[in-house]
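Being a predicted model, the structure only gives us computed values, none of them experimental. Just so it is clear: chains get the letters A, B, ... in the order the sequence lines come, proteins before strands, and each one is counted from 1.
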Amino acid sequence: MYKLLLTFRYLRRKLIPWFALAAVTLCTAMVIIVMSVMGGFLDLVRDAGQSLIGDVTVRSWADIRGFGHYEVLIEKIEKLPEAAAATPIIEAYGVVNVSVGESSRTVPVMVKGIDGPGQQRVTGYADTLYWTDERVAENDVGSIVPPGENLYEAGSNLRNPWEAMRPGPAIVPGIEVSPFNYRQDDGTYDMGRSTMLASQWTLTVQPISAKGAIDTIGAETRIFTLVNEFKSGLFEADSRQVFIPFEIAQRMMTMDAAEMDDPNDPNGDPIPVPARCTEIQVRAAEGVTPDELQEAVANCYLKLALERPELKLSLDMLVLTWLDRQSTLITAVENEKGLLTMLFAIISAVAVVMVGVIFYMIVLQKTRDIGVLRAIGASRAGVASIFLVYGAAIGLIGAGVGTGIAYLFMRNINPIHTWLGDGLGAFCYYFGLPLGVGVLFMVIGLIYVGVQTLYDQVWWRNWLAVAVVGFVLIGAIRVAGIGWIYLWHENFPDFHRAAAEKGPLVWSGIMLIDVAWGGLLGGVALGAIGGLYMVVAQHVRAATGVRLLIAGGIGLLAAVLVRLAILNTSAPKWLSPIVWNEKISIQIWDRRVYFFEEIPSRIDGREVIAVVIVAVAASIVGALIPAISAARVDPVESLRYE
Amino acid sequence: MPAVDLLTTDGLHKHYRMGSEDLHVLRGVTLKVKTGEWLAVLGGSGSGKSTLLHLLGGLDQPDEGTVRFRGHDVFELRGGAADRFRNENVGFVFQFYHLLPELNVLENTLISAMAGRGMLGWPAVRGKLRQRARALLDRLGLSPRLNHRPNQLSGGERQRVAIARAMINEPEILLADEPTGNLDRQNGKQILELFAQLHREGQTTVMVSHDLHVAEQADRVLTLENGRLIEK
Ligand SMILES: Nc1ncnc2c1ncn2[C@@H]1O[C@H](COP(=O)(O)OP(=O)(O)OP(=O)(O)O)[C@@H](O)[C@H]1O
Ligand SMILES: [Mg+2]
């Protein structure tokens with residue numbers, strides 16, 4: 001019982017444990033945030049995948065010439081209780097030329113021939129059409145569209161009889177295909193209104209015969225009318241994919257029904273060749289998993305092939321779930337998530353060390369009390385468990401608060417990101433890893449302030465000492481950050497270009513200045529917080545935590561004011577280290593560029609529980625060595641002194 | 001109740017070795033403490049009084065010789081058994097009070113009662129022991145200060161809390177190391193009066209002191225000289 005009593009007393013009456021608490025809190029929050037962002041990222045990949053390709057796909061194995069009798073198959077599949085809807089698709093590769101007046105652009109695209117209503121039933125693709133009524137109105141192009149037929153309606157039903165009125169059939173390209181769309185800062189598009197409807201879309205594909213022969217003379221070219229654009233949120237698709245009506249695609253690819261001479265009897269009746277498609281996409285019925293649907297569809301196909309041999313259905317077929325098809329990307333993101341989580345877990349190991357160091361200091365400070373406890377009959381295990389319980393308490397509280405912070409952060413991640421980007425002009429420089437290390441070093445610096453404050457009452461000396469330590473630490477972070485980016489700089493085009501432009505000498509110069517200046521300012525800031533704490537501690541009678549909050553609050557406020565002053569007055573801009581950052585860093589989440597529309601996030605309860613358990617366990621592990629040294633305290637030795 | 005030998009030692013030796021130097025502090029201390037006896041050990045500074053007391057309480061190990069409590073060798077007890085022995089049978093009053101600064105008077109008194117019981121054992125006896133602690137502190141004139149912390153108390157008050165802590169488990173033997181050493185005359189007298197009272201109630205006590213006036217209050221005074229005990 002005395003263990004709990006002392007645990008809580010130590011927690012309440014000491015400054016240092018607050019730092020251990022802060023470390024655990026930060027690490028927990030960091031790991032949860034990383035996991036949630038990556039988890040959200042995964043979800044997005046999955047959702048985008050699903051909305052592009054349906055739950056299950058039937059396609060020929062390693063063959064793009066397609067398969068016949070798909071109507072029969074679709075009819076059968078739609079009768080399955082597991083399936084909600086099925087639709088045929090023709091997938092082909094082509095080249096599209098977009099031209100407006102003089103300027104034109106030719107890009108390779110994946111052509112998807114779709115049946116509008118069918119596609120809508122299977123993938124809900126109308127939701128991805130970008131030009132909704134409101135957007136059309138906003139862009140002030142409503143008047144150009146024929147009355148009663150806005151782009152949205154036309155786009156959601158590609159079999160619109162526009163074909164007759166317009167120069168060509170409808171095309172719905174991804175929003176990034178057209179060179180005339182300009183993605184703005186806020187992530188929306190300016191359609192380049194005058195050009196959009198004036199643009200001419202010429203699509204060329206290469207037909208393939210039923211026998212798999214490529215018709216080398218007859219590349220098929222047609223002019224299309226732009227009726228809408230889609231935005232799936234997945235850059236891959238948005239920049240490289242176009243939808244056209246199924247029948248048109250079929251005709252262009254010569255996949256429609258035809259007749260062929262019988263090779264064994266050249267004079268006999270021609271053999272009919274059935275119309276083909278390259279794949280069938282199926283949507284699962286409510287409550288049916290893709291795997292269940294996959295099995296049902298595969299069985300259905302086999303049954304049909306056996307029941308009706310005259311259809312000569314190929315057995316070289318694949319029935320894939322959307323997960324199978326997206327597996328490379330999903331696996332890559334999953335690996336990434338695993339890697340990042342591990343990296344952050346390693347960083348969190350620092351928190352363990354910190355808990356250990358802090359507790360060890362407490363043990364040293366409390367040696368006499370531990371001796372007294374041992375003398376009056378507390379067991380070794382008993383005094384050891386004071387520190388273990390202590391560690392567990394810090395772990396629990398830290399993990400709890402960290403989870404709360406992570407939750408708030410995740411709920412507001414996009415506003416926070418925008419605010420960071422717009423409000424303070426801060427760049428997400430050096431990416432997450434060095435940033436995390438930086439935060440931890442900051443915490444260590446603050447611990448240093450705390451310790452100095454406890455043992456030495458001359459605050460300006462702390463201030464100086466901490467400034468020096470901060471300088472070294474922050475310099476180290478920056479060197480680590482720059483080194484890290486340097487190793488990876490080919491992945492950061494801006495950085496790469498800058499490195500090439502400025503040359504190595506200028507480049508290293510900038511880096512050095514950045515390191516020195518950032519380190520100096522960071523050190524001064526750290527020292528200032530230490531000094532502030534001392535001043536507050538001398539003048540404010542309040543709990544340690546409250547004093548810390550006051551000092552931290554004043555420090556933060558001062559920092560913001562200084563920053564605003566530098567940016568908004570004629571003070572030289574180089575006073576702000578962020579100016580240097582801008583020279584050498586890359587904005588990670590520029591909203592004009594996207595892989596995904598927003599920073600995704602998803603908090604997974606099980607992952608959070610796992611992180612919390614690990615945080616508590618890590619805190620206990622951190623407390624282990626101090627606990628052991630507490631158990632080894634010799635009572636006689638410790639009692640000798642006053 | 002006839003007095004029996006509660007604590008006996010036989011030829012206790014204790015050395016402290018520091019490099020090549022060998023400090024032979026206790027050189028064959030033989031001693032018998034009977035139940036109900038108040039024994040004082042008189043000795044100059046550095047004569048080994050604290051060392052002896054620690055050996056008697058089983059806190060430290062002798063290099064030679066034995067300490068028997070009711071006939072059982074104290075140093076045969078291992079680990080948890082030794083801790084329990086100290087907790088249940090021995091009450092220590094240290095030379096420098098040694099109260100825990102984070103705890104208030106009541107908690108400091110109760111801490112040795114808590115230390116002897118597990119997390120589960122404590123709630124069952126909590127009420128009873130709190131009452132005992134209050135009674136004890138009341139007797140020592142500390143009832144108005146139950147919620148004060150050690151740094152808010154005077155030296156005499158601290159020593160009284162230390163005595164309360166030593167007595168809370170109703171130990172068979174009370175070992176007091178210079179209980180008045182850091183107190184002024186007035187406070188010292190009060191503390192000694194307290195020991196006398198406890199003695200009248202049958203408490204067995206061994207007290208060490210360098211002050212003859214203090215030692216004289218006891219039933220029997222032994223002098224520690226050159227590592228040996230001499231009866232005067
Ligand atoms: N751990 C140790 N290492 C070395 N020498 C020690 C140690 N403990 C005690 N001594 C020495 O043993 C001698 C006896 O110490 P002890 O504390 O028992 O004396 P004491 O009689 O209680 O003195 P005082 O009246 O000043 O408290 C002293 O000379 C002391 O320096
Ligand atoms: Mg002594």
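Remark: the backbone N or O of B/N104 is paired with a side-chain donor or acceptor of B/E107 at under 3.5 angstrom. Remark: the backbone N or O of B/L142 is not paired with any side-chain donor or acceptor of B/E157 at under 3.5 angstrom.
Using cut-offs of 30° and 60° for the angle between ring planes, the B/H98 and B/F94 rings count as tilted.
Residue B/S50 does not touch chain A at all, counting heavy-atom pairs closer than 4.5 Å. Contacts of B/L103 with chain A are made by both backbone and side-chain atoms, with heavy-atom separations under 4.5 Å. Within the 4.5 angstrom heavy-atom criterion, only side-chain atoms of B/R165, from C-beta onward, approach chain A.
Of all the listed residues (B/L110, B/D177, B/L100), the one sharing the greatest number of non-hydrogen pairs under 4.5 Å with chain A is B/L100.
The shortest non-hydrogen separation linking B/D63 to B/H15 is OD2-N, 2.5 Å. Looking at every heavy atom in both residues, A/P626 comes nearest to A/G356 through CG-O, 3.3 Å.
Taking a 6.0 Å sphere around CZ of A/R606, one finds it holds 12 or fewer heavy atoms contributed by other residues, nucleotides or ligands. For A/R632, the CZ atom is loosely surrounded, since the number of other residues' heavy atoms within 6.0 Å does not exceed 12.
Within residues 375-388 of chain A, the residues having any heavy atom closer than 4.5 Å to a heavy atom of chain B are A/A375, A/I376, A/G377, A/A378, A/S379, A/R380, listed by residue number.
Among residues at least two apart or in separate chains, ring-ring contact (aromatic ring centres under 6.0 Å, His included) pairs with a member in residues 49-85 of chain B are B/F69-B/F85.
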